[in-house]
Amino acid sequence: MTDAAPTVIAIDGPAASGKGTIAQGVARALGFHYLDSGSLYRLVALKALQAGTALDDESGLARVAETLNSGFVDGRTFLDGVDVGSAIHTEAVATAASRVAVVAGVRRALLGRQRAFRRRPGLVADGRDMGTVVFPDAALKVYITASPEERAGRRYKQLIEKGNSVTLESLLRDIRERDARDSSRAAAPLKPAADAIILDTTGLSIEAGVAFVLARYRELGSEHGH
Ligand code: DC
């Protein structure tokens, strides 16, 4: 892979499957760049909420995505120059992000921004359609999943630790609704690529997930004789 485009490892899957933490662990282990594509949808959602763009105004939302002033520096996320790392991780923005992600014009506008993260020595791209739409030529595609109950339990722990008051029942309901919306939309629905390896993290530690992806990646190298 010297003249070819930089290597991509595509990691897709539903919310709270552990894919973000696993993808970051893999990127760190390999010294690769990391793309959290969900944060782009979250930024579009936050900007739309701030600007008063209705979540059913498709052309308005596409324009928000086209003109989005986003920044990613040292693991921090900026919107219009303001650090919005915690603002984009509320349940309200997550729900709005899942709604703006349905809009084909939004997805189209974000394609180039996502592909710009593909730089040497390589990229670990985390999202819903990394292996199916954004990087269909990825060297390795892993689809990470876990049971809705396990995912709701993880999200519950995270939110409680941050001092939020939530109930497990409402999180499970949110996760089920979001899964249904992400999987049933016409534009780039959440589904494993035909050539993706499936990893179910129910009852599995983050370390074991990272080790699994690294092992699959190293197998690729040995298949190609290096
Ligand atoms: O991974 P996340 O929870 O930060 O993603 C937020 C929303 O963005 C999620 O509901 C689905 C959407 N999304 C998407 O449609 N495509 C991606 N590649 C990443 C996220």
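As the structure lists them, so they are numbered: ligands from 1, and atoms in each ligand from 1. Computed from heavy atoms alone, side chains included, the values below leave out hydrogens, waters and symmetry copies.
- Here the protein heavy atom with the shortest distance to atom 1 (O) of ligand 1 is Arg128 NH1, 2.8 Å.
- Proximity to Met130 (heavy-atom distance under 4.0 Å) selects the following atoms of ligand 1: 18 (N).
- Near Arg185, with a cut-off below 4.0 Å to any heavy atom, the atoms of ligand 1 are 14 (C), 15 (O).
- Less than 4.0 angstrom separates some heavy atom of Asp182 from each of these atoms of ligand 1: 9 (C), 10 (O), 11 (C).
- Relative to the ring axis of Phe117, Arg113 does not place its NZ or CZ within 45° and under 6.0 Å from the centre.
- Here the protein heavy atom with the shortest distance to atom 19 (C) of ligand 1 is Ser37 OG, 3.4 Å.
- Considering every non-hydrogen atom in both Ser17 and Arg154, the closest pair reads O-NH1, 3.0 Å.
- The cluster map of Ile, Leu, Val, Met, Phe, Trp and Tyr, joined by side-chain heavy atoms under 4.5 Å apart, puts Leu220 and Val210 in the same cluster.
- The nearest pair of heavy atoms linking Gly31 to Pro121 is O-CG, 3.4 Å.
- When side chains are defined from C-beta on, Pro148 counts as touching Leu172, because their heavy atoms get closer than 4.5 Å.
- Checking each of Thr53, Leu61, Val84, Val64 against Lys47 for a side-chain contact (heavy atoms from CB on, under 4.5 Å) leaves exactly one that passes, namely Val64.
- No side-chain heavy atom of Val26 sits under 4.5 Å from any side-chain heavy atom of Phe32.
- Within the 3.5 Å criterion, the main-chain N or O of Gly20 finds no donor-acceptor partner in the side chain of Asp36.
- Residue Lys19 approaches ligand 1 through these ligand atoms, each under 4.0 Å from one of its heavy atoms: 1 (O).
- Nearest protein heavy-atom contact of atom 8 (O) of ligand 1 is Tyr41 CB, 3.4 Å.
- Closest to atom 20 (C) of ligand 1 among all protein heavy atoms lies Gly38 CA, 3.5 Å.
- Considering backbone and side-chain atoms alike, Arg107 places an N or O below 3.5 Å from some N or O of ligand 1.
- Distances below 4.0 Å separate heavy atoms of Ala101 from the following atoms of ligand 1: 12 (C), 15 (O).
- Residue, atom and distance of the protein heavy atom nearest to atom 7 (C) of ligand 1 are Ala97 CB, 3.8 Å.
- Counting only heavy atoms of the protein, atom 10 (O) of ligand 1 lies nearest to Ser98 CB, 3.1 Å.
- Atom numbering of ligand 1 starts at 1 in the shown order; those under 4.0 Å from a heavy atom of Arg42 are 2 (P), 3 (O), 4 (O), 6 (C).
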